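In what follows, a single structure is set out as structure tokens and then discussed.
All ligand and atom numbering here is 1-based and tracks the order in the structure. The model shown is predicted, which means the values in this text are computed figures rather than measured ones.
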Amino acid sequence: MSDKAGSRWEKNTWAELAHLAQNVPEAGIHFQGSYPPHSFSKQANQYLEALIYNRNKDHEGPTGQWFNELLSTTPWFKDTVPNFRILPKPYPSGIDSGTSFTSVCINTAVYLPYLVSQCLSNGVVFKRCILTHISEAATFHHSGQKADVIVNCTGLLASKLGGVMDTTVIPARGQIVVVRNTPGAMFTVSGTDDGEDEVCYIMQRAAGGGTILGGTYQKGNWESQPDPNQALRIMKRAVEICPALVEEGRGIEGLSVIRHGVGLRPLRKDGVRIEREKIGGTWVVHNYGHGGWGYQGSYGCSQGAVELVDEVFRLKAKL
Ligand SMILES: Cc1cc2nc3c(=O)[nH]c(=O)nc-3n(C[C@H](O)[C@H](O)[C@H](O)COP(=O)(O)OP(=O)(O)OC[C@H]3O[C@@H](n4cnc5c(N)ncnc54)[C@H](O)[C@@H]3O)c2cc1C
């Protein structure tokens, strides 16, 4: 979740994600949450709900800082997403407060190919290569001419790309477990007692994509392989906070694991970079450094990048 400063990008994305969840099943996005009861019981399973649980003791740690806005009872998004409310007591053990709202969950294994198809049907030409310098991108225009503008969406590797070398972009490592169990719930807890960079969240994906159990938020950690001990802790915490994940009394033995995964969130010290800059005589529009909200802010950020591309063309027209 972006902070207040970055909220423009997410605010301008919600309507499109809601539209896709409502009207475009092939995009692999569904709503999580509508008028649910606040309950951990199995009887609540017919409801899908995004629940955010706050532990006051997490506030100063890395996960509390990361979730700062998400944990607020007056977050910037309270009038953007439907059904925002502060949860009444009683809370589960160790929880100090909570909120709930209607959210979406994206099955990225379906959504990303869907986006590629949309691009192809709109005439986009895809090419695959490794760039050592951002300026090289201009030579890949399908017309054979040098491109007028490059849009730089290189995420974490903006830190290593020639001409950009933004060393303020670092990984925030996230480890997850994908399971077949479908509790019909979306939970986030602000922290855990297992380590200051570990959190607990559960999201059920659309289109039979199983459920994601998270996670970690490890700044500066480039490790791409899952840690088995971390995986055990993730599963244990998930079953503790949401017993409805498994048959009664089965504990983590009741989880059916599809796969373990690790991703590196592209975290930028000063927040996302949506700016234009001339590099080696060619205009570059940057759009990188989205940390843990790249999907949630995607349409808004793209809109910002398009505005800058339009500015470049207006500048070129004046010359
Ligand atoms: C565990 C986890 C949970 C997450 N949960 C959420 C969530 O709930 N909501 C949300 O919105 N986001 C979430 N995110 C964050 C989200 O995944 C990222 O913000 C998003 O993927 C960033 O997209 P991007 O296109 O900027 O970067 P990327 O997806 O990393 O794409 C960058 C691309 O640039 C290419 N590239 C880089 N350098 C070069 C080069 N030199 N030459 C050629 N190609 C290059 C790369 O190959 C890559 O294809 C999560 C991430 C993780 C890891």
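- In this structure, atom 23 (O) of ligand 1 has no protein heavy-atom contact shorter than 4.0 Å.
- For atom 7 (C) of ligand 1, the closest non-hydrogen atom of the protein is Gln296 OE1, 3.4 Å.
- For the pair Arg273 and Asn287, the minimum side-chain heavy-atom distance is 4.5 Å or more.
- In this structure, atom 46 (C) of ligand 1 is not in close contact with the protein, since no protein heavy atom lies within 4.0 Å of it.
- Counting the atoms of ligand 1 from 1 in the order shown, those under 4.0 Å from a heavy atom of Ile130 are 42 (N), 43 (C).
- Residue contact check: Gly294 has heavy atoms under 4.0 Å from atoms 10 (C), 11 (O), 12 (N), 19 (O) of ligand 1.
- Listed by chain and number, the residues in a ring-ring contact (aromatic ring centres under 6.0 Å, His included) with Tyr288 are His286 (sequence neighbours excluded).
- Shortest contact from atom 5 (N) of ligand 1 to any protein heavy atom: Gly292 O, 4.3 Å.
- Residues Lys146 and His141 have side chains not in contact (no heavy-atom distance under 4.5 Å, counting atoms from C-beta outward).
- Closest heavy-atom approach to atom 21 (O) of ligand 1 within the set Tyr295, Tyr201, Tyr217, Tyr288: this belongs to Tyr295.
- Shown here, atom 49 (O) of ligand 1 is out of close reach of the protein: none of its heavy atoms lies under 4.0 Å off.
- Close approach to Leu161 involves these atoms of ligand 1, each under 4.0 Å from a residue heavy atom: 41 (N).
- If you look at Phe101 and Phe77, their ring centroids are closer than 6.0 Å.
- Between Arg173 and Asp197 there is no salt bridge, since none of the side-chain N atoms of the basic residue sits less than 4.0 Å from a carboxylate O of the acidic one.
- A distance-only check finds a donor-acceptor pair linking the side chain of Arg55 to the backbone of Thr192 [under 3.5 Å].
- Atom 27 (O) of ligand 1 has as its closest protein heavy atom Gly155 CA, 3.8 Å.
- Protein heavy atom nearest atom 39 (C) of ligand 1, with residue, atom name and distance: Thr154 CG2, 4.0 Å.
- Among protein heavy atoms, atom 26 (O) of ligand 1 sits closest to His290 ND1, 3.5 Å.
- Heavy-atom separations between Cys153 and ligand 1 include at least one value shorter than 4.0 Å.
- In terms of protein heavy-atom proximity, atom 2 (C) of ligand 1 is nearest to Arg265 NH2, 3.7 Å.
- Only backbone heavy atoms of Cys129 (N, CA, C or O) come within less than 4.0 Å of ligand 1; its side chain stays farther off.
- At least one heavy atom of Gly291 sits closer than 4.0 Å to an atom of ligand 1.
- Using a 4.0 Å threshold on non-hydrogen atoms, atom 53 (C) of ligand 1 counts as touching the protein.
- In this structure, atom 19 (O) of ligand 1 has protein heavy atoms in its sub-4.0 angstrom surroundings.
- The protein non-hydrogen atom at the shortest distance from atom 42 (N) of ligand 1 is Leu131 N, 2.9 Å.
- Qualifying salt bridge (Lys or Arg N to Asp or Glu O under 4.0 Å) partners for Glu16, counting only residues two or more places apart in sequence or in other chains: none.
- At least one side-chain heavy atom of Tyr111 sits under 4.5 Å from a side-chain heavy atom of Tyr295.
- In this structure, atom 38 (N) of ligand 1 lies nearest to the protein heavy atom Leu157 CB, 3.4 Å.
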